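In what follows, a single structure is set out as C-alpha cells and then discussed.
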Amino acid sequence: MCPAGKSMLLLKEEHVSEGKKKLLFEGRLTDCRECSLKKQCMRNPDSAGSRKGHGRQVSLTWTNGRTATDWMKKRVDSIEGKAIYGHRMSVVEPVFGNIGTNKRLNRFSLRGKSKVQGQWQMFCLVHNIEKLMRYGSIH
C-alpha cells in the first residue's frame with residue numbers, strides 16, 4: 001500500500017541469496033498523477049505527468065529467517081551471546097583503539113604481506129611493553 005492508501009503492484013521478485021528475496025513494487029501511474037502526496041513519496045514527482053513515467057517505486061528485502069545475518073542476530077541476542085559480546089568489548093576492542101588512536105596506526109607505511117606483518121608485530125610489541133610498564137613486570 002502507498003502512503004495514500006492505494007494498492008501497489010508487485011513488479012519483480014529477485015532471489016538475492018539463500019533465504020533472501022528482494023520484492024519490487026510500483027504504484028499505478030494514474031493513481032500517482034492526481035495524488036497530493038506525490039511530492040513526498042516519489043523521487044521524481046514530475047514523471048507522474050508523462051506517459052513514460054512510473055508511479056511510486058518501493059523495494060523490500062524479505063528473509064525467511066535462515067540467512068547468516070539472521071543466525072548471527074539470534075546468537076548475539078541470546079543471554080550467552082550478550083555475555084560473550086560484552087566481554088569482547090572490554091578485552092579486544094581497547095587494544096585496537098589504543099594502537100589506532102594513541103599510536104596513530106591508521107594505515108601501514110610498508111607494502112607486502114611480510115613487511116606489514118612485521119610492522120603490526122612491532123606496534124603490538126610496543127603496546128605490550130607499555131602494559132608491562134604500567135602494571136608491573138613479568139614474574
Side-chain angles (χ1 to χ4, degrees):
M1 300 294 277
C2 78
K6 303 286 184 172
S7 63
M8 298 177 74
L9 304 170
L10 177 62
L11 279 184
K12 199 187 321 183
E13 191 173 316
E14 295 177 0
H15 175 75
V16 179
S17 63
E18 186 64 37
K20 200 178 225 183
K21 289 182 185 175
K22 187 173 183 179
L23 305 172
L24 300 156
F25 295 92
E26 185 175 305
R28 288 184 178 85
L29 187 58
T30 53
D31 291 339
C32 294
R33 262 190 202 128
E34 305 301 321
C35 183
S36 60
L37 300 174
K38 71 180 173 184
K39 288 191 181 354
Q40 297 167 2
C41 71
M42 290 180 71
R43 189 176 291 156
N44 186 5
D46 296 332
S47 69
S50 71
R51 288 178 168 245
K52 295 180 182 177
H54 295 276
R56 175 183 167 88
Q57 296 174 334
V58 177
S59 67
L60 300 170
T61 303
W62 175 84
T63 64
N64 61 5
R66 294 187 196 145
T67 64
T69 305
D70 295 328
W71 176 76
M72 195 62 194
K73 281 181 188 175
K74 192 174 178 181
R75 280 188 70 191
V76 170
D77 289 341
S78 71
I79 294 169
E80 184 183 359
K82 286 179 182 176
I84 291 169
Y85 192 73
H87 182 69
R88 178 176 174 244
M89 293 300 287
S90 66
V91 174
V92 177
E93 304 300 338
V95 174
F96 292 109
N98 179 29
I99 291 174
T101 306
N102 299 335
K103 311 280 184 297
R104 297 187 181 175
L105 179 67
N106 59 358
R107 69 178 61 171
F108 293 101
S109 58
L110 303 172
R111 296 294 170 250
K113 192 173 181 178
S114 62
K115 291 178 185 176
V116 167
Q117 184 68 28
Q119 190 176 2
W120 175 250
Q121 288 174 343
M122 185 70 77
F123 274 92
C124 291
L125 180 69
V126 169
H127 173 79
N128 288 329
I129 290 171
E130 283 180 347
K131 281 174 70 174
L132 288 172
M133 205 172 67
R134 274 194 306 268
Y135 300 113
S137 61
I138 300 173
H139 293 57

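Worth saying up front: this structure is predicted, and the values here are computed from it rather than measured. In what follows, residues are counted from 1 in the order of the sequence shown.
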### Query
What is the minimum heavy-atom distance between K82 and D77, and which atoms define it?
CE-O, 3.4 Å
### Query
Are I79 and Y85 in one and the same hydrophobic cluster, where Ile, Leu, Val, Met, Phe, Trp and Tyr link if side-chain heavy atoms are under 4.5 Å apart?
no
#### Entry: Those residues that, when tested against S109, pass side chain to side chain donor-acceptor pair (under 3.5 Å) (two or more places apart)
Q119
#### Entry: By salt bridge (charged side-chain N to carboxylate O under 4.0 Å, His left out) - contacts of K12 (at least two apart)
E14
### Task
Step by step, work out the side chain to side chain contact (heavy atoms under 4.5 Å, CB included) result for L24 and K22.
CA-CA 7 Å; L24 300 156; K22 187 173 183 179; 4.2 Å; yes
### Query
Where do G27 and M8 come nearest, in terms of heavy atoms and distance?
N-CE, 3.6 Å
### Query
How long is the span from the CG atom in L37 to the NZ atom in K6, to the nearest 0.5 Å?
11.0 Å
Using distance only, find each side-chain donor-acceptor pair of residues 120-130 under 3.5 Å and give its atom names and separation, not counting sequence neighbours.
residue, atom, partner, partner atom, Å
H127, ND1, N98, ND2, 2.6
N128, ND2, C124, O, 3.3
E130, OE1, K103, NZ, 2.6

### Query
Shared ILVMFWY cluster between F108 and F96, side chains joined below 4.5 angstrom?
yes
#### Entry: Joint hydrophobic cluster, L23 plus V58, side-chain heavy atoms closer than 4.5 Å
yes
### Message
Please give me the minimum heavy-atom distance between S7 and R28, naming the atom from each residue.
### Response
OG-NH1, 3.3 Å
